[in-house]
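Everything below concerns the one structure shown next.
Below, read A as the first sequence line, B as the second, and so on, with proteins coming before strands; counting in each chain starts at 1.
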Amino acid sequence: MTYDFRKIEEKWQKFWAENQTFKAENNSQKEKFYVLDMFPYPSGAGLHVGHPLGYIASDIYARYKRHKGFNVLHPMGYDSFGLPAEQYAIQTGQHPAITTETNISRYREQLDKIGFSFDWSREVRTSDPSYYKWTQWIFIQLFNSWYNKDSDKAEDISSLIAIFEKEGNQSVNAVCDEDVTVFSATDWKAFTAKEQQEVLLQYRLTYLAETEVNWCPVLGTVLANDEIVNGVSERGGHPVVRKKMTQWSMRISAYAQRLLDDLALVDWPQPLKDSQTNWIGRSEGAEVTFRVLPQTPSQGGGSDSSSPKFHTADSDIYGVLLERAQEMRKNPTKAEALLWEALRNKNLNSKFRRQHPISRYIVDFVCLERELIVEVDGEIHQYQLNKDAERQLLLEQKKGYTVLRFTNDEVLNNIDEVILKIEKSLSSPSLGGGWGEVNTEDMEISVFTTRPDTIFGVSFMTLAPEHELVGKITTAEQREEVEAYIAATAKRSERDRMADVKTITGAFTGAYAEHPFSKEPIPIWIGDYVLAGYGTGAVMSVPCGDQRDYDFAKHFNIPIPNIFEGVDISEEAFADKEKTVIANSDFLNGLPYKKAVKRVIFELEKLEQGTGKINYRLRDAVFSRQRYWGEPFPVYYVDGMPQMISVDHLPIILPEVEKYLPTETGEPPLGNATVWAWDVNKSEVVNNQLIDHKTVFPLELNTMPGWAGSSYYFNRYMDPNNKEEVFSQEAINYWQDVDLYIGGSEHATGHLLYSRFWQKFLFDKGIVPKPEFAKKLINQGMITGTSAFIYRLEGQNTLVSRNLIGDRSVQPLHVDVALVNPSDELDLVRFKENPLYADFREAEFVLEDGKYIVGREVEKMSKSKYNVVSPDSICQEYGADSLRLYEMFLGPLEQSKPWNTAGITGVHSFLKKMWRLYHGGDEGAFLVTDAEPTADNLKTLHKTIKKVEEDVENFSFNTSVSTFMIAVNELSAQKCSSRAILEPLAILVSAYAPHIAEELWSKLGHPTSISTAPFPKFDGKYLVESSKEYPISFNGKMRFKLELPADLSKEEIEAAVMAHDKTQEQLQGRTPKKVIVVPGKIVNIVG
RNA sequence: GCUCGAGUGGUGGAAUUGGUAGACACGUUGGACUUAAAAUCCAAUGGACAUUAGUCCGUGCGGGUUCAAGUCCCGCCUCGAGUACCA
């Protein structure tokens, strides 16, 4: 009986489907194990042999765990919203749902042929309304949440509203927009409903905001940072520009630190962790404020003072006042301290100074730019009433300030009121006047630096050309140059800027900033090596400690002061933190890096010109796409404010549209929908014509991005058909998290970061029990293709066989690998028949030995290279079991390796050999006996059990295939037909080659599937050897082998070896200096 | 540039805490069976020298540690992946 793999595989695939063999139970006494593959997008091209690699590995692991007695969850589904189906729809008018459906059936067919043990009863599709109902639901949960930094987790928005009602927002420590204004409880209550919504939007975890986005005009959509490669779109390679749009965003930045910290909780590949760490981009340092010095008259500033504009005191008594002011800053009254705290923390969009000398006085608080003075009067000051009045008169009448006065009591008992009054004054248009004209008085530049310890090495500052201050500080003399430079950088595309990082460009603004400590003037430059989007868009340039600053300084002849002890900086900057010892830096002299950083931050805080700060590169994620084929938002707009549709009415189903393109007015494709308005009374989607903004409102026109549906699917698989909840608590508490997740490394910073974010959010809300969704993750390597080439003589229609080219000039052309046999010979008949190669029908062929030999090269598998091998053809020719074994046999799972179909005959003949092992009867009849197994039989079996078990646990699937081959070779040589050996062998192989294993299992007389048969138990007693063949080496080189009893002592071994003829022959009379004996391993004779 | 990973026969790749380098396959060569082919089976197969016995050289390169190094240490080279002026 021959091994008829086609019949066997079809039979068992049918059996598994009909019996739901792999259906996982949510109620089980067995221990759970969750094996997951990364969500595939069902593309129209179908699978090539590279795709199933990870699926085969995870399937082997899942099957192995079933043998080990686990209740295994091993689901599969489709991430079925996506661009290609939509692009196809735009081109052909075919509804993306139809294309998607077709592609899914093709995918399913291909997957089924490979014999995977998926639980198909749990299949999910992101584009299915019963699935995206829950995507919409999670979106609403995010909308209804804010991030409380004090509890360090997401909380319901109602707890925030409660705080607002009680005490306003000044004590709230939340992750929110940067420009929130401070309000009191009274304010909050006084706000209109719309104002309240606007405020809340600044705190919600998903929020609507005007953001600068990556707009791709060709695709008509916004792209996330990770969807852009080298400045062009990942899909299609279209140009991308920056554009401001109102978009939904996700406040992932709230989770930056936890996303970083919790990487320690998961067993993921280090490179993947590294790239997430890199992507989050935490840097620790300080934010330092530099005052901009006023321009001298000659610079066009118009001021007569050589001292900075914030030096508002009369110069004759400035010194005295300053000393007193500093004294007073150190010893504030309770009320002063409280108010200062409030003024600083509540972002009032205005900079206050305290105990500031003005004219001949010191005022408590002043906002110079709005010319507002705030005084807090304690009892002590009562006797001064007259004097105060006089001084107020002077400040108000002569200097043009507004003065607000509060009592200590007011400040201490009702700080909200006080702040409110100050805010009102600030917003009063009559106040101040500094905005209209260019005046550098009181301007400041904030910079972020990771090396505050090098602050005395600052010799210039550099602003991004886009920095808002550039226009204000540039002097008349420099204006022309600066404007020309800005225009030039704007013209350079993003791509040019990235490609060309070597060219140093920049311009001097003519303005100077003041060094916080030395008070020296520092020239302010602009340069495009400073990015507007990172940190504050400005740097303090320390050329001796930063190579970019160094290069810039060299290029523009800016001094490079050295502030490092014993370091030569004549050639390059010195950036080694560990070896740093600071010099020429006043109070930092002699300090190493860490101590210097601490000290300088302390000093900066004293000066109120800086503070320690942690900066992240991770930005909030834009969540809107101007696309049709995605999840619609459960959102309608009342008076421009977004409203969530109640969960009871979900899902909001994607509407039908005529065209899948943006509308003529530039709205997203959903703008074409005619039935896309929300009726709040009927609670249903109705015709747009009914929109009256009273009970019928417009719905959101954007859709969600690709990562929405894939960020929680692993949890939905636990209870995929639940109509009441995203999943039941019973289900999630049983399955908990993914034990093994296998997929490609291309998802390192996209899917895997967003999923971790959503998981943490759901964890905060008590919806999932684990803060990380996948314990162990493995990245499978890519399978590359082996392309074939034919060679055409330059300018002629002559094709030359590979080895006859010589030094002639030829043009290599891809030829379809299907036309080439394993010996690299081109099938000339089929080649000439193929319409693709019609041009060569009349071509002249230069053959070697009558054959045309093609060239070979390893490349990525792709249609355009004609090197795609499909799993279907392999299954047809060799069978699924051969395909599975061969994909594993190719090499380690994580490594990328080239596909070469020729090699598959090796594993295929192994399967045939194994089949013969069970069919040793007459004319190949099935033959298994109850004979006692021999010692050799048992040794082979247990050696195999041990190795396979170790290999699977270590995900070393390639080596276990070798082990099977060795076992079958040995057992065949031993002519073993013993049931006691062949039964466990079938179980060992079944995870890898399940079809043949099932067939043999049933022939062995088992009526049920092999899939839950217990894994054979390893017993070491069968491997105990009575003798050992020792390698005998001389000076480390193995010369001969010697069989010795295994229980000999060191001394006995040495004696036996020394007595041997060959040893004496090797030594040729010399006496060995030393004899090393490692019992059970090796003998080495030195000398 | 930075970070990470990897370099072993003609090819894919094995090799435990340092202990017989090249397991297992593919390919190639020779042989058996066959009218022939396919399939199957047997043998050889890192390189050089040698009739044999055997000797020497061999895990990207150069050093080192060790009785012993593919494996550990130092310095380089090449390739691949990620990232890109992140202050």
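- Only the P atoms considered, B:rG70 is 10 Å distant from B:rG60, to the nearest whole Å.
- The P atoms of B:rC26 and B:rG64 are separated by 42 Å, rounded to the nearest whole Å.
- Comparing the C1' positions of B:rU78 and B:rU66 gives an interatomic distance of 29 Å, to the nearest angstrom.
- Atom name P, nucleotides B:rA69 and B:rC57: the rounded distance is 13 Å, in whole Å.
- Relative to the side chain of A:Lys1041, the nucleotides B:rU20, B:rA14, B:rG12 differ in distance, and B:rU20 lies closest.
- Across all strands shown, B:rA43 forms a Watson-Crick or G-U wobble pair with B:rU29, both key distances being under 3.5 Å.
- Remark: the separation of the C1' atoms in B:rG62 and B:rA23 is 31 Å, to the nearest Å.
- Residue-level contact check: A:Asn969 touches the backbone only, with heavy atoms under 4.0 Å from sugar-phosphate atoms and none from bases.
- Nucleotide B:rA87 forms no Watson-Crick or G-U wobble pair with any nucleotide shown, as no partner meets the under 3.5 Å limit on both distances.
- Taking a pair to require two hydrogen-bonding distances under 3.5 Å in either a Watson-Crick or a G-U wobble arrangement, B:rA69 remains unpaired.
- In this pair, A:Phe552 and A:Tyr529 present their aromatic rings tilted. The plane angle is within the 30 to 60° band.
- In this structure B:rG9 sits in the syn conformation; its chi angle is within 90° of 0.
- Pair assignment for B:rG75: B:rC61, on the basis of Watson-Crick or G-U wobble contacts that are both within less than 3.5 Å.
- In the model, A:Ser962 has no side-chain atom that pairs as donor or acceptor with a side-chain atom of A:Thr959 under 3.5 Å.
- For the P atoms, the distance linking B:rA44 with B:rA53 amounts to 14 Å, nearest Å.
- The side chain of A:Lys1074 sits closest to B:rC67 out of B:rC67, B:rA25, B:rU83.
- For A:Glu970 and A:Thr940, the side-chain atoms include at least one donor-acceptor pair closer than 3.5 Å.
- Taking atom CG of residue A:Leu893 and atom P of nucleotide B:rA14, one finds them 12 Å apart after rounding to whole Å.
- Regarding A:Met1038, its CE atom lies at a distance of 9 Å from the P atom of B:rU20, rounded to whole Å.
- Rounded to whole Å, atom C1' of B:rU40 lies 16 Å from atom CG of A:Leu911.
- Listed nucleotides: B:rU55, B:rA87, B:rG12. Nearest to the side chain of A:Leu890: B:rG12.
- When rounded to the nearest whole Å, the span between CE of A:Met782 and C1' of B:rA81 equals 9 Å.
- Side-chain contact of A:Ser787 with A:Asn867: a donor-acceptor pair under 3.5 Å is present, judged by distance alone.
- The side chain of A:Pro892 lies closest to B:rG13, out of B:rC85, B:rG12, B:rG13.
- When rounded to the nearest whole Å, the span between CH2 of A:Trp915 and C1' of B:rU40 equals 18 Å.
- In this structure, of B:rC67, B:rU83, B:rA87, it is B:rU83 that holds the atom nearest to the side chain of A:Trp279.
- Straight-line distance from the CG atom of A:Asp551 to the C1' atom of B:rC85: 11 Å, rounded to whole Å.
- For the pair A:Lys912 and B:rU40, the criterion of a side-chain N or O lying under 4.0 Å from OP1 or OP2 is met.
- Each of A:Thr963 and A:Ile1076 was matched to the nucleotide of RNA chain B holding its nearest heavy atom; the match closer to the 5' end belongs to A:Thr963.
- Between the side chains of A:Thr786 and A:Asn900, no donor N or O sits under 3.5 Å from an acceptor N or O.
- As judged by a 4.0 angstrom heavy-atom cut-off over every strand, A:Val1078 is placed among the base-contacting residues.
- When the C1' atom is compared between B:rU40 and B:rC33, the two are found 9 Å apart, to the nearest whole Å.
- Both A:Pro898 and A:Lys946 sit near RNA chain B, but only A:Pro898 has its closest nucleotide nearer the 5' end.
- The base of B:rU17 is paired with the side chain of A:Lys1081 by a donor and an acceptor separated by under 3.5 Å.
- Across the protein-nucleic acid pair, A:Asn958 atom CG and B:rA25 atom C1' stand 12 Å apart, rounded to whole Å.
- The partner of B:rU35 cannot be assigned: no Watson-Crick or G-U wobble pair with both contacts below 3.5 Å exists in any strand.
- Residue A:Arg916 has its side chain nearest to B:rU40 when only B:rC26, B:rU40, B:rG19 are considered.
- A 3.5 Å limit on both hydrogen-bonding distances identifies no Watson-Crick or G-U partner for B:rA50.
- A salt bridge links A:Arg282 with A:Glu284: the closest approach of a Lys/Arg side-chain nitrogen to an acidic carboxylate oxygen falls below 4.0 angstrom.
- For A:Thr959, the listed nucleotide lying nearest its side chain is B:rA14; candidates were B:rC41, B:rC85, B:rA14.
- Checking B:rU3, B:rC85, B:rC24 against every side-chain atom of A:Asp528, the shortest atom distance belongs to B:rC85.
- Counted by atom type alone, A:Tyr992 and A:Asp881 present zero donor-acceptor pairs between their side chains at under 3.5 Å.
- Separating the C1' atom of B:rA37 from that of B:rG47 is a span of 36 Å, rounded to the nearest Å.
- Pairing for B:rC24 goes to B:rG12, judged as Watson-Crick or G-U wobble with the two contacts each under 3.5 Å.
- Side-chain proximity of A:Asn1084 to B:rG19, B:rG27, B:rA87: nearest is B:rG19.
- No side-chain donor-acceptor contact under 3.5 Å links A:Glu950 and A:Asn954.
- Nucleotide B:rC2 has B:rG82 as its partner under the Watson-Crick or G-U criteria, with both atom distances under 3.5 Å.
- A:Thr749 and A:Gln276 are not linked by any side-chain donor-acceptor pair at a separation below 3.5 angstrom, with hydrogens and angles left out of the test.
- Ranking B:rC4, B:rA25, B:rC85 by closeness to the A:Met965 side chain, first place goes to B:rA25.
- Regarding contacts with the backbone of B:rC86, every side-chain N or O of A:Arg619 stays at 4.0 angstrom or more from both OP1 and OP2.
- Rounded to whole angstrom, the span from the CD1 atom of A:Ile1085 across to the P atom of B:rA68 amounts to 14 Å.
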